[in-house]
Amino acid sequence: MILCLSVQVKQIMEEAVTKKFVHEDSSHIIGLCSTIEACLSHLLKRRAAGFLRSDKIAALFTKIGKVNATAGEVLKRVLYRHNLKGRAPQPLSAQAIKHIWVRTALFEKVLDKIVQYIVDNSSKYYERESLMHDTVFGPILACLLVGPCALEYTKLKTSDHFWTDPKGTSHILLVPTMAVIISCIIRKRQSSVSMSEDKFAASAREYVESLHQNSRTHLLYGKNNVLVQPKKEMEVLRGYLSLHQSGDNLTLKWTPNQLINGTLGDCDLEKSIYWDYALTVPLRQVVCIHCHQRSDCGGTLVLVNQDGIQRPPLHFPPGGHLLAFLSCLETGLLPRGQLEPPLWSQRGKGKVFPKLRKRTSTQTARLVDQEGEDQTAADYVFRIVYPGRHHDSSESPLKMLCQNMKRQIVSRAFYGWLAYCRHLSTVRTHLSALVNHNIVPPDKPCEASGGLSKDLWSKYQKDCKNYKELELLRLVYYGGVQHDIRKEVWPFLLGHYKFGMDEPEVGEQHTPGGGGGDTPGHSTVVPPTAGGVIVPDERPLVEFDSPDSGLPSSRNYSVTSGHSQILSSIDDGQSTEEDGGAGEEARTQTHSVTEAKEQQDSISEERLCSQLDKLVTNGNGGTEGMPSLSSYTIELLDTVALNLHRIDKDVQRCDRNYGYFTTANLEKLRNIMCSYVWDHLEMGYVQGMCDLLAPLMVILDDECLAYSCFSQLMKRMSQNFPNGGAMDTHFTNMRSLIQILDSELFELMHQNGDYTHFYFCYRWFLLDFKRELLYQDVFSVWEVIWVAPHISSQHFVLFLALALVEVYREIIRDNTMDFTDIIKFFNEMAERHDVQHILQIARELVHKVQSLIENK
């Protein structure tokens, strides 16, 4: 019964493929319903079929309809039609009435669900030996009905609604029935997806349907289990080979069995990669067919196109299938084309391979034994020729091959040029803002690799008017600064001094108080309060151990002790800038504050504010125009204390292994950091600022000068901290740079975990590579970064980061590093880089971008 049902399903699916619908009065519908009822009635229990009812199917559906909602809907429709009787607009035929239950469920497209429910609960309705109770045949029966339940049925009368089977020759092996069933399952399952997926499913369905005999194309040959190896690194795939004729055109198709038999599992059939391996070859494009026969296999066929490209070999199973295919191909080519040489016809055997002739030394010919005893000749080459064409068929393929090669060469050259032009356009669009368009060479007017030496700097100091600023910066960019003069040169590079100033002007600006308001120094900055000056008697008292203060520990870390420390730093700056009684009084007041700190760990808010008021009053020679420090709010004092806590914690661990940072120098570092934070309280202290200040302290060894230079440096570096937005811009530009300058490495990064966000460069940009290099190397790198905006690029740090990646490019590629690996690698390589080599690569990368932009 299962075999009979599969035949009925096959026939109804063939009708659906050819006509796109199935008529409700088709003979296949009646046959299918009869077979299904026979299966459902097999060994049905009497209590399920009803003791007094002759219609067992009606009794079964009635009983199931009480417990199954789907069967209940079918029951309601059948009863409704039964109540109409002769009043129905289209009365049913006798055969339709006989199978009304199965027929109604089929047209409602729920028969497969009802049968599946019966199979799942077969023990209630069937004997143990019944078909529905069988663990194998029961589920197969339910699966076979999925295809018919997905079809469209119509009541319209058409001239050919009575289906007849298509004609076929004896050698045609039809596509397995499951191929069409799967295509219908696809259509049913994909009914709720988007329109784009519906179109894809429709194209996949049409492809599978095109493999079968239909009204549009004639199937000349079909064979399953033909082996093809789509790619060298892949295993051999089995598939269905078919030869189709549509008018004068022949088409060869090969489809993997995974698409035909539906063995893909849970993956999406339409989006399967196996669609990429399916072959569709128009025979008009084929000029030669190579056939290879061996005793251990059925034979191999290779198709050669007009452009000389070979298709993947087709391996036929044993049994003469290769000869059968060539025979069908030769028949399909007639009358306009033919195989050369043609197949031979042998009485009693039909088509055979032509007899190959071998030449001996005496120029005599002998025939190969027809029974295959001589196995020396087994390879054939057939050409597909069309005698009706007016040109010489022997020269046509070669001429077409040369023309195709010529077109391909010209096409590749053109598209290579077009890709280069687009590349230049991309560079100009995305990278033009990253570099200066004016290229400053390293050898004009003189060689700059020696850098800025002590002798040259002495000449500049003696006669600064005759030296151009750009020339000095060019020397620093290509060769650096001699270490002995860095203390003198760095203030110029950072903008503390201006190039062109003579020694008296430099000395005047370096003298405390001489620079006026233009020179940053240790000045006391008192921002105005939001609500005006608060009278000291009316200001609120503050409990510093309040949980709302937000401090780490208000009693263990005394806020007032922190304020007394910043008072000390403020007073140091004032004593440097002012002379006379006011400065002496300020030092006396500072000494009294220090003694008070030693006597007790913390003082009250009222006492702190009064001391601040007194300090500012004495330090400025009067109270006119100065807001009282006692007017500061609780929030401001908490902010200052919190920043002091962060500074103290970072200063203690700042480069403790470097010999310069003794206790006294660490105190200087702390004083500068406190002064800068006091002047920029809206930004506050952020971890990493001490790292930027430390190299300046090592070189300059002067608090006032280091503070001023650090303030100039922070004008650029402050944007890299969280309150600025430069870091995201760095990452974006870095991505564009490496995508254009080294696309291969970019693709490698994208494949190995996609770390093209370049977050591993965060510390590099934040600290100008300070933690990646030794101190001597930091000096060299910072000098180049400071002068680069005038010579090559304002974003030189990007090219420096790219150079650092390019140096270890091969290691990253060979080890296929992911994001975690590359972070670990650069952490281990810290302070071990060849800085001069990295700087040279960075300069070359800048020059490369400049050249691309300049080459218009």
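Remember, predicted model here, so these are calculated numbers, not experimental data.
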Should the ring pair [X] and [Y] be called parallel, tilted or perpendicular, given that the plane angle runs from 0 to 90° and is split at 30 and 60?
X      : Y      : answer
Tyr658 : Phe661 : tilted
His833 : Phe826 : tilted
His730 : Phe765 : tilted

State the [atom1]-[atom2] distance between [X] and [Y], to the nearest 0.5 angstrom.
X      : Y      : atom1 : atom2 : answer
Arg670 : Leu693 : CZ    : CG    : 13.0 Å
Leu737 : Phe758 : CG    : CZ    : 9.0 Å
Leu766 : Met717 : CG    : CE    : 6.5 Å
Trp782 : Asp768 : CH2   : CG    : 6.5 Å
Leu700 : Lys487 : CG    : NZ    : 7.5 Å

SB check [X] [Y] (cutoff 4.0 Å):
X      : Y      : result
Glu772 : Arg763 : yes
Glu471 : Lys468 : no
Asp742 : Arg809 : yes

Quick check against the 3.5 Å criterion: does Gln712 have a side-chain atom that pairs as donor or acceptor with the backbone of His496?
no
Output yes when a side-chain donor or acceptor of Asp777 lies under 3.5 Å from a complementary backbone atom of Leu773, and no otherwise.
no
Decide yes or no for [X] and [Y]: does some side-chain heavy atom of the first lie under 4.5 Å from some side-chain heavy atom of the second?
X      : Y      : answer
Lys770 : Tyr775 : yes
Leu452 : Tyr460 : no
Leu741 : Glu806 : no
Met714 : Cys709 : no

Side chain to side chain donor-acceptor pair (under 3.5 Å) for Asn671 and Tyr707? Distances and angles first, verdict last.
CA-CA 9 Å; Asn671 291 340; Tyr707 173 84; over 6 Å; no
Run the ring-ring contact (aromatic ring centres under 6.0 Å, His included) test against Tyr660 and tell me which residues pass, sequence neighbours left out.
none
Taken in chain and number order and not counting sequence neighbours, the residues that satisfy ring-ring contact (aromatic ring centres under 6.0 Å, His included) with Phe819 are His757
So, applying side chain to side chain contact (heavy atoms under 4.5 Å, CB included) with Asn643, which one of Asp638, Asp648, Val677 is it?
Val677
Over all atoms of both residues, closest heavy-atom pair of Ala706 and Met697
CB-SD, 3.7 Å
Taking atom types as modelled and ignoring hydrogens, do the side chains of Glu783 and Trp490 form a donor-acceptor contact shorter than 3.5 angstrom?
yes
Atom pairs and distances, side-chain donor-acceptor, residues 784-804, under 3.5 Å, sequence neighbours left out:
unit_1, atom_1, unit_2, atom_2, d
Ser792, OG, Tyr477, OH, 3.0
Ser793, OG, Leu434, O, 2.4
Ser793, OG, His795, N, 2.9

